[in-house]
Amino acid sequence: MSLAEAMPGTGAATAPEPVLRVEGLCVSARTEQGLKPLVQDLSFTLRKGETLAIAGESGSGKSITSLAIMGLLPQPAVRVTGGHIRFGADDLTALSEPALRAVRGDRIAMIFQEPMTSLNPVMTVGAQLTEAIRAHEPVARAEARKRAVEALRAVRLSEPERRMGQYPHELSGGMRQRVMIAMALALRPEVLIADEPTTALDVTVQREVLDLLRDLQRQMGTAIILITHDMGVVAEMADRVIVMKAGQQVETAATTDIFDKPQADYTRALLAAVPRMGQGAARPAVTGEPIARLDDVVVRYPLRGGLLGGVTQNVHAVEHVSFDIRKGETFALVGESGCGKSTIAKALVGLAPHQGRIEIAGQAMTGLDPQAMKAMRRKVQMVFQDPMAALNPRMRVGDLIAEPLVIHGLGDATSQRAKAADLMARVGLEAAHLDRYPHEFSGGQRQRICIARALALQPSLIIADESVSALDVSVQARVLDLLRALQAEFGMSYLFISHDMAVVDNISDRVGVMYLGQIVELGTRAQIFGNPQHAYTRRLIEAVPVPDPGHQRTAAPRLAGEVPSPLHPPGSGPRRVRLVDVGDGHLVGQTPD
């Protein structure tokens, strides 16, 4: 039961007691000039069964607040300098580390924003899940493993038993996020802090995860703090909203009031920047020559096993994909996590072995010597999905942005520095911060640094792999405007990989819809969003969160049956998984008897 259901009308007396009270919280960072405030005088309560959303721009203090509650601030560099965080009878700011560990993960759990940096890279997924369960509950290893598999199955991860033996780097970004969600939900906490829990997830899995969070609330009365820049998710999930800017609370109100009658100018600006389906400006058809062409591309990864270590199976990452990207065009690839979108991007830049033919500016990618490949890569740049993993933590961001210029011998140190400063400003960051390191920026700010670095060489093709998924809506709007302006100025092309259908609807010229390594539908933006032909495309569009609390979403059955796997895609092998359309664009994965 949500708080809204517990408080019909104005019957505040029926509201449950708060499980968490934040009173005058202040968090500061130690600098050479003294303490710098990151969060100032923040106060709120969280009640059993309530979902409280904290919204605001990247760097506004949302994640710092969550880390303070969890007792995970990187002390002594960042610490609580005032206020209290009361959880039941305890003041979390006064607890010792052993006492905090007893609370953390068990009674208060957190889904972190960046799964790759939150998961241990040298431990399997199964080891990390079972360790988390056994650290808080006295269960045998076999029972913990069984619960871990059930948690992975609950977040719709295909072949959960096999995933238990995999390492984080073997999973896609969306799959890693689902592992994080499974870990947080496995212990059924009293308070769940979800820091951008669906940022890396496609819309269909996002919808299922949100349904899981609602189930947890109904069954356990779990209170949720939802930190997100997705106002559609806020509208669908939250009872109340806190809007933050520069570490301060600028507005707090019921969700319907925030959307219908926002009081602060900043709140109104945030809502105005939210991309909405059907609001993309009409764009003339792009008819130029192809800058990139894929013809019958196949990417399969062999899995070895047995006594002799032979190939036992193949992961069908990409199966017979063909399309082209024209000069000055934005071609979008959409589909569920693990469908092969990022694999295609890696094949385009020569980072994934492939069969078939890939051409860039009329030249085949296969058979190039190292020098020719280096020259080719100057024409193609990539913005990776995980900004923290893509940036060298030991380099200053000014050097990171200028690095492509240095590698290709373009300009001297002075001009390279000036170019880096200009690019920082163009993606909405301060040139004065060129000498900072990546860890000194928020997740969204790090993604902007990656975009600036990709722009340094003014390439013919930029592959943007979830390039704006980590950005708040206002910065996202500015970055999308920047990409359009650069495209108009330089005639660049984009391969835009995204699970955000509203953003794709606003920026793309043509769209390819992928499922299990195959393109199941391809057409112009108007064709795909106005008259989708494939059941899977219709399901994707239906699942998009609508930034309107009054929107009545069509009830949809949850997916049933076996989750399709790239090891057994449709039409491959005796136990092939097939998609079954059960009506209204809803699909289930089934394995023949």
What side-chain donor-acceptor pairs closer than 3.5 Å can you find for residues 97-106, not counting sequence neighbours?
residue: E97; atom: OE2; partner: R104; partner atom: NH1; Å: 3.1
residue: E97; atom: OE2; partner: R104; partner atom: NH2; Å: 3.4
residue: R104; atom: NE; partner: M70; partner atom: O; Å: 2.9
residue: R104; atom: NH2; partner: M70; partner atom: O; Å: 3.3
residue: R104; atom: NH2; partner: G71; partner atom: O; Å: 3.2

Sub-3.5 Å donor-acceptor pair from the side chain of [X] to the main-chain atoms of [Y], do we have one?
X: N506; Y: R276; answer: yes
X: T255; Y: D239; answer: yes
X: T130; Y: G126; answer: yes
X: Y494; Y: L483; answer: yes
X: Q416; Y: L410; answer: yes
X: Q447; Y: P387; answer: no
X: R147; Y: A186; answer: yes
X: K62; Y: E57; answer: yes
X: D465; Y: V383; answer: no
X: E23; Y: R86; answer: no

Practice task
Check the pair M244, V250 against side-chain contact (heavy atoms from CB on, under 4.5 Å), reporting the backbone distance first and the verdict last.
Solution key: CA-CA 6 Å; M244 293 186 68; V250 298; over 6 Å; no

Exercise for the section: Assess whether side-chain contact (heavy atoms from CB on, under 4.5 Å) is satisfied between V234 and D230, documenting all intermediate values. Expected result: CA-CA 6 Å; V234 170; D230 189 330; over 6 Å; no

Exercise for the section: Please list, chain by chain and in numerical order, all residues satisfying salt bridge (charged side-chain N to carboxylate O under 4.0 Å, His left out) with R107, sequence neighbours excluded. Expected result: E190

Handout entry: Residues forming a salt bridge (charged side-chain N to carboxylate O under 4.0 Å, His left out) with R268, sequence neighbours excluded
Key = D265

Exercise for the section: For the residue pair T222 and Q217, confirm or rule out a side-chain donor-acceptor distance under 3.5 Å. Expected result: no

Practice task
Could you tell me whether the side chains of T93 and D91 share a donor-acceptor contact shorter than 3.5 Å?
Solution key: yes

Handout entry: Q33: side chain to side chain contact (heavy atoms under 4.5 Å, CB included) partners, not counting sequence neighbours
Key = T31

Is any side-chain heavy atom of [X] less than 4.5 Å from a side-chain heavy atom of [Y]?
X: V22; Y: H84; result: no
X: R436; Y: R396; result: no
X: L455; Y: I462; result: yes
X: F441; Y: L391; result: no
X: R79; Y: V27; result: no
X: V274; Y: F259; result: no
X: V191; Y: V19; result: yes

Practice task
Go through the steps to decide whether R153 and V149 satisfy the test side-chain contact (heavy atoms from CB on, under 4.5 Å), and finish with yes or no.
Solution key: CA-CA 6 Å; R153 185 173 287 113; V149 171; 3.8 Å; yes

For residues 417-425, run the donor-acceptor check on the side chains, cut-off 3.5 Å, and write out each pair with its distance to 0.1 Å, sequence neighbours left out.
residue: R417; atom: NH1; partner: D435; partner atom: OD1; Å: 3.2
residue: R417; atom: NH2; partner: D435; partner atom: OD1; Å: 3.4
residue: R417; atom: NH2; partner: D435; partner atom: OD2; Å: 3.3

If the threshold is 4.0 Å, N to carboxylate O, is there a salt bridge linking [X] and [Y]?
X: E17; Y: K48; value: no
X: E170; Y: R163; value: no
X: R214; Y: D211; value: yes

Exercise for the section: Test side-chain contact (heavy atoms from CB on, under 4.5 Å) on V241 and T252 and set out the steps. Expected result: CA-CA 6 Å; V241 183; T252 181; over 6 Å; no

Straight-line distance of [X] [atom1] to [Y] [atom2], nearest 0.5 Å:
X: R377; Y: I407; atom1: CZ; atom2: CD1; result: 10.5 Å
X: I108; Y: I193; atom1: CD1; atom2: CD1; result: 6.0 Å
X: L213; Y: I111; atom1: CG; atom2: CD1; result: 6.0 Å

Problem - E430: partners by side chain to side chain donor-acceptor pair (under 3.5 Å), with sequence neighbours left out - result: none

